[in-house]
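Inspection log for the structure reproduced underneath, given as structure tokens.
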Amino acid sequence: MTIKSIKSSLSLQRLSTYLTPPVGCKTDEAALGAYLWNQEVSSVMGSVLHTIEISLRNAIYDSYLNYVKKHIQADTAQSTAANILAPVRGNPEMWFRMAFTSETNKTAVDIINSVKNKLKAENKPRTPENYIAKLTLGFWVALIDKAYSINSPENTTGLILWPPIRSDVFPNATRKGNPLGINEIRDELKYINTLRNRLAHHEPLWKTNSQFDTKSVINKVINDYQRCITVINWINPSMTKLLSMVDNHKRIKELCKIETLAQMMMLPVDLDNMPAEDLLANLSLIDETREGEIISVTKDGHLFIRDTSSQIFFTPKSKIKLPDGHVDLKTNDKVRFVGAPPKDPKRNPLALDISISPN
């Protein structure tokens with residue numbers, strides 16, 4: 001029943017990816033093993049693509065903001081060949097919003113408005129940081145184009161990114177010591193964005209019409225991984241150290257071996273007779289309780305509590321719930337509680353689930 005049940009959950013169409021060329025597994029068990037191999041590959045590639053997305057968006061945003069601020073401080077913003085203050089409309093920190101209108105770039109405006117609606121639904125402030133965190137990789141990739149170059153006839157927004165910030169965003173994008181063209185960089189990042197979208201939709205990254213067998217499948221994974229690492233090096237080589245710290249490179253090296261794929265294809269053999277492991281066992285929640293002392297009780301009955309690390313917490317009276325018959329809490333009482341973030345980040349963290357300390 002196990003194999004049949006798993007096939008039902010994965011769908012025959014998804015499993016058929018591994019039963020037909022280029023993987024061409026002969027049994028359902030082998031196909032499930034190849035599916036697990038692909039899951040491991042996707043996990044490694046997900047970390048790499050995440051690193052690219054984070055690095056790229058921050059590099060573009062920060063570099064242009066610094067470029068604008070530098071000219072504002074030097075009082076040269078309006079005397080440059082392209083008036084860089086015009087597209088930011090007096091709000092440099094939100095330049096990625098201010099530069100576009102429905103007439104000049106409807107796609108960008110639609111993406112930004114979608115993010116705006118998400119932030120509103122999540123009750124999050126519309127700060128630059130919150131916008132940037134939700135803007136798609138495709139949004140930033142679209143900015144890497146000659147259309148945003150100085151003197152470009154295609155530039156309808158007035159936003160000038162290239163070449164002013166090219167060396168800040170892509171300091172190492174060179175070939176034989178010469179900077180790569182911005183459209184060449186764009187084309188590579190468009191490919192990376194395609195990989196990212198395939199991964200987001202749980203599609204095998206290696207699946208194309210050009211793969212013949214498992215060797216070419218593995219080589220496609222290696223090639224894509226190398227292209228991703230190359231792009232990270234263009235932006236900030238130090239980021240690759242983070243990937244090494246979590247053994248990302250070791251994992252992809254091991255996965256990209258014929259024998260590893262073959263071994264994983266063998267894993268589900270006799271799966272129907274394999275005992276089920278209790279995956280909920282041996283996962284104990286960590287005790288979040290803190291010890292503290294009440295340092296102040298306001299006239300309205302609110303509490304201020306200092307924990308053993310000297311951090312100050314606040315408990316509104318409405319959150320104080322003690323057993324019936326217990327006297328009111330007072331200054332110097334020892335208590336136990338669970339910390340929680342405040343609704344206003346400028347306020348003290350909250351102390352909830354308060355109880356009298358047994359000590």
Side-chain angles (χ1 to χ4, degrees), residues 5-6 9 36 39-40 42-44 46-47 49-51 53-55 57-58 93 114-135 200 202 239 241-248 251 274-359:
S5 176
I6 291 175
S9 290
L36 292 175
Q39 292 290 86
E40 290 294 301
S42 296
S43 174
V44 174
S47 295
L49 290 165
H50 173 79
T51 300
E53 186 164 356
I54 297 295
S55 300
R57 73 191 190 193
N58 289 334
E93 283 76 13
S114 175
V115 170
K116 180 180 177 180
N117 291 334
K118 288 177 182 177
L119 293 175
K120 182 178 179 180
E122 295 172 9
N123 198 29
K124 291 183 178 180
R126 294 194 286 272
T127 61
E129 295 78 13
N130 287 342
Y131 266 102
I132 291 167
K134 288 188 178 295
L135 285 170
H202 309 292
M239 294 299 288
K241 293 183 179 181
L242 296 181
L243 296 173
S244 295
M245 288 173 64
V246 293
D247 290 337
N248 230 60
R251 288 174 66 200
M274 185 183 300
E277 180 184 356
D278 184 359
L279 300 182
L280 296 177
N282 303 318
L283 281 174
S284 301
L285 294 175
I286 298 172
D287 184 6
E288 300 179 54
T289 305
R290 294 169 177 259
E291 299 280 348
E293 178 181 338
I294 298 175
I295 58 174
S296 175
V297 180
T298 72
K299 63 180 181 180
D300 296 321
H302 307 315
L303 306 178
F304 284 93
I305 302 171
R306 180 170 52 223
D307 73 358
T308 54
S309 68
S310 296
Q311 187 172 9
I312 307 300
F313 292 78
F314 172 73
T315 305
K317 184 179 180 180
S318 61
K319 297 294 184 180
I320 302 173
K321 298 177 181 178
L322 296 174
D324 292 339
H326 195 282
V327 297
D328 290 339
L329 295 169
K330 59 185 182 301
T331 303
N332 298 325
D333 277 351
K334 307 292 185 183
V335 293
R336 303 183 74 188
F337 63 93
V338 174
K343 291 184 178 180
D344 183 349
K346 296 180 181 179
R347 303 272 185 179
N348 292 93
L350 299 175
L352 306 178
D353 299 334
I354 293 179
S355 62
I356 301 298
S357 177
N359 298 327

Value rounded to 0.5 Å, distance of CG in Asp247 from OG in Ser47: 11.5 Å
Distance-minimising heavy-atom pair for Leu350 and Pro341: CD1-O, 3.9 Å
Set of side-chain hydrogen bond (donor to acceptor under 3.5 Å, both in side chains) partners for Glu40, sequence neighbours left out: none
Gap between atom CG of Asn130 and atom NZ of Lys116 - 0.5 Å precision: 14.5 Å
Least distance between heavy atoms, Phe337 atom then Ile354 atom: CB-CG1, 4.0 Å
Ser296: partners by side-chain hydrogen bond (donor to acceptor under 3.5 Å, both in side chains), with sequence neighbours left out: none
For Asp287, side-chain contact (heavy atoms from CB on, under 4.5 Å) partners two or more places apart: Thr289, Arg336
side-chain contact (heavy atoms from CB on, under 4.5 Å) against Met274, all qualifying residues, sequence neighbours excluded: Leu271
Partners meeting side-chain contact (heavy atoms from CB on, under 4.5 Å) with Asn282 (sequence neighbours left out): none
Partners passing salt bridge (charged side-chain N to carboxylate O under 4.0 Å, His left out) against Glu293 (at least two apart in sequence or in another chain): Lys334
Side-chain donor or acceptor of Asp353 paired with backbone N/O of Val338 under 3.5 Å: no
Check residues 309-320 and write down every donor-acceptor pair under 3.5 Å in which the side-chain atom is one partner and the other belongs to a residue at least two apart or another chain.
{"unit_1": "Ser309", "atom_1": "OG", "unit_2": "Asp307", "atom_2": "OD1", "d": "2.8"}
{"unit_1": "Ser309", "atom_1": "OG", "unit_2": "Asp307", "atom_2": "OD2", "d": "3.2"}
{"unit_1": "Thr315", "atom_1": "OG1", "unit_2": "Ala351", "atom_2": "O", "d": "2.7"}

Contact list for residues 120-131, test salt bridge (charged side-chain N to carboxylate O under 4.0 Å, His left out), sequence neighbours left out: Glu122-Lys124, Glu122-Lys134
Smallest separation among heavy atoms of Pro342 and Asn348, with atom names: CB-O, 3.4 Å
Partners passing side-chain hydrogen bond (donor to acceptor under 3.5 Å, both in side chains) against Arg57 (at least two apart in sequence or in another chain): none
Spacing of Thr331 atom OG1 and Ile305 atom CD1 [to the nearest 0.5 Å]: 11.0 Å
Note, Leu242 side chain near Thr51 side chain (heavy atom, < 4.5 Å): no
For Asn123, side-chain contact (heavy atoms from CB on, under 4.5 Å) partners two or more places apart: none
Side chain to side chain donor-acceptor pair (under 3.5 Å), paired with Lys330, selected from Asp328, Asn332, Asp333: Asp333
Interatomic spacing from CD in Gln39 to NE2 in His202 - rounded to 0.5 Å: 8.5 Å
Ile356 and Leu329, any side-chain heavy atoms less than 4.5 Å apart: yes
Whether Asp344 side chain and Lys346 backbone form a donor-acceptor pair below 3.5 Å: yes
Minimum side-chain heavy-atom gap Val335-Leu303 below 4.5 Å: no
Qualifying residues under side-chain hydrogen bond (donor to acceptor under 3.5 Å, both in side chains), relative to Arg251, sequence neighbours excluded: Ser43
